[in-house]
Amino acid sequence: MFSKNKKKSLIELEQHELLEHAQMRIKQKKRLYNHFVVFLIGSVFMIIINKILKYGVEYNWFIWAITLWAFLFAIHLFNVFVTTKFMGLEWERSQREKLVLKQKQKIAELQKEIETEFPLSNINKKKKSEHSMYYSRCRGEQRFGKRQRPVVAFTR
């Protein structure tokens, strides 16, 4: 009975991860297509400004602007279609596992250092002595009720 629920939840978790990854990829591609449309409109707009409105006619500056923008678009294209193939879900999972393993090793090393510097036997002895002192104080307060406590008068 319990194993079926675990399998079902594991499957649902994997499906949820796949769905999130698919949504992320869709958003990446949508941003890339939007970038391409803005690139085309911007390029046409720069050509119109330079040639028809005669802004900076002596020099064709739009060529450099469009070339730079095309380079940035190529980087975006590379990032969406090439980089995610090499650094996809499996790569992220392996990197996460490596980092978790490193953290566990560091925690284990710190625990060893603490245990060697502060052995548990000394700490327990200190706790027992503090514990007994606390209870002896409490018993003393119980002997004197609130009304029976000795009153100390301060004079100037």
Side-chain angles (χ1 to χ4, degrees), residues 1-139 141:
M1 180 176 181
F2 293 111
S3 62
K4 290 180 182 177
N5 290 337
K6 288 181 183 178
K7 287 180 184 177
K8 188 176 180 182
S9 64
L10 183 62
I11 290 171
E12 289 176 0
L13 181 65
E14 288 177 4
Q15 287 177 345
H16 182 70
E17 281 184 17
L18 290 173
L19 183 65
E20 282 184 353
H21 180 68
Q23 288 175 339
M24 181 188 69
R25 289 289 294 156
I26 289 169
K27 284 181 181 179
Q28 282 180 339
K29 289 180 180 180
K30 185 177 178 181
R31 287 184 196 127
L32 180 70
Y33 298 145
N34 287 338
H35 187 177
F36 182 69
V37 169
V38 170
F39 168 70
L40 290 178
I41 293 170
S43 298
V44 170
F45 186 65
M46 284 189 273
I47 293 170
I48 289 172
I49 289 174
N50 188 245
K51 293 296 181 184
I52 296 176
L53 297 178
K54 301 196 189 271
Y55 181 78
V57 177
E58 62 276 352
Y59 184 69
N60 291 332
W61 54 267
F62 70 91
I63 294 173
W64 291 105
I66 292 173
T67 304
L68 177 67
W69 201 347
F71 178 72
L72 294 174
F73 179 75
I75 290 173
H76 191 175
L77 185 79
F78 182 80
N79 185 28
V80 170
F81 288 109
V82 178
T83 307
T84 53
K85 297 259 186 210
F86 296 114
M87 297 180 186
L89 282 178
E90 291 299 319
W91 181 83
E92 287 178 10
R93 223 177 256 141
S94 67
Q95 291 298 315
R96 190 179 316 119
E97 289 172 2
K98 285 179 186 177
L99 291 174
V100 167
L101 184 63
K102 279 184 180 180
Q103 288 175 347
K104 285 181 180 179
Q105 289 173 347
K106 286 182 181 180
I107 290 171
E109 290 173 7
L110 289 173
Q111 283 178 339
K112 283 182 182 179
E113 284 181 29
I114 290 171
E115 288 174 1
T116 55
E117 291 178 13
F118 305 104
L120 259 170
S121 58
N122 291 343
I123 294 173
N124 286 337
K125 288 179 185 176
K126 287 181 183 178
K127 282 185 179 179
K128 285 180 183 178
S129 64
E130 290 173 4
H131 189 68
S132 61
M133 286 174 39
Y134 173 75
Y135 278 110
S136 64
R137 284 189 214 142
C138 290
R139 283 190 219 118
E141 289 177 6

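Note that the numbering runs from 1 along the sequence shown for the chain.
There is no side-chain donor-acceptor pair under 3.5 Å between Glu12 and His16. Residues Gln28 and Arg31 have side chains that never bring a donor and an acceptor to within less than 3.5 angstrom of each other.
Here the side chains of Ile63 and Asn50 are not in contact, with every heavy-atom distance at 4.5 Å or above. Using a 4.5 Å heavy-atom threshold, the side chains of Lys51 and Phe62 count as touching.
The aromatic rings of Phe39 and Trp69 lie perpendicular to each other, with more than 60° between the two planes, well past the 30° mark. Under the 30°/60° scheme for interplanar angles, the aromatic rings of His35 and Phe73 are found to stand perpendicular.
For CH2 of Trp61, the number of neighbouring non-hydrogen atoms (other residues, nucleotides, ligands) closer than 6.0 Å is greater than 12. Heavy atoms of other residues, nucleotides or ligands lying less than 6.0 angstrom from OH of Tyr55 number 12 at most.
Atom-to-atom distance recorded for Leu72:CG and Leu77:CG is 12.5 Å, nearest 0.5 angstrom. The line from CG of Leu18 to CD of Gln15 is 7.5 Å long, rounded to the nearest 0.5 Å. Separating the CE atom in Met46 from the CG atom in Asn60 is a distance of 13.0 Å, to the nearest 0.5 Å.
Using a 4.0 Å cut-off between charged nitrogen and carboxylate oxygen, Arg93 and Glu90 count as a salt-bridge pair.
The side-chain contact (heavy atoms from CB on, under 4.5 Å) test with His21 is passed by exactly one of Gln23, Met24, Glu17: Met24.
Partners of Glu92 according to the side-chain contact (heavy atoms from CB on, under 4.5 Å) rule, which considers only residues two or more places apart in sequence or in another chain, are Leu89, Arg96.
When all heavy atoms are compared, the tightest approach of Val80 to Lys29 is CG1-CG, 4.2 Å.
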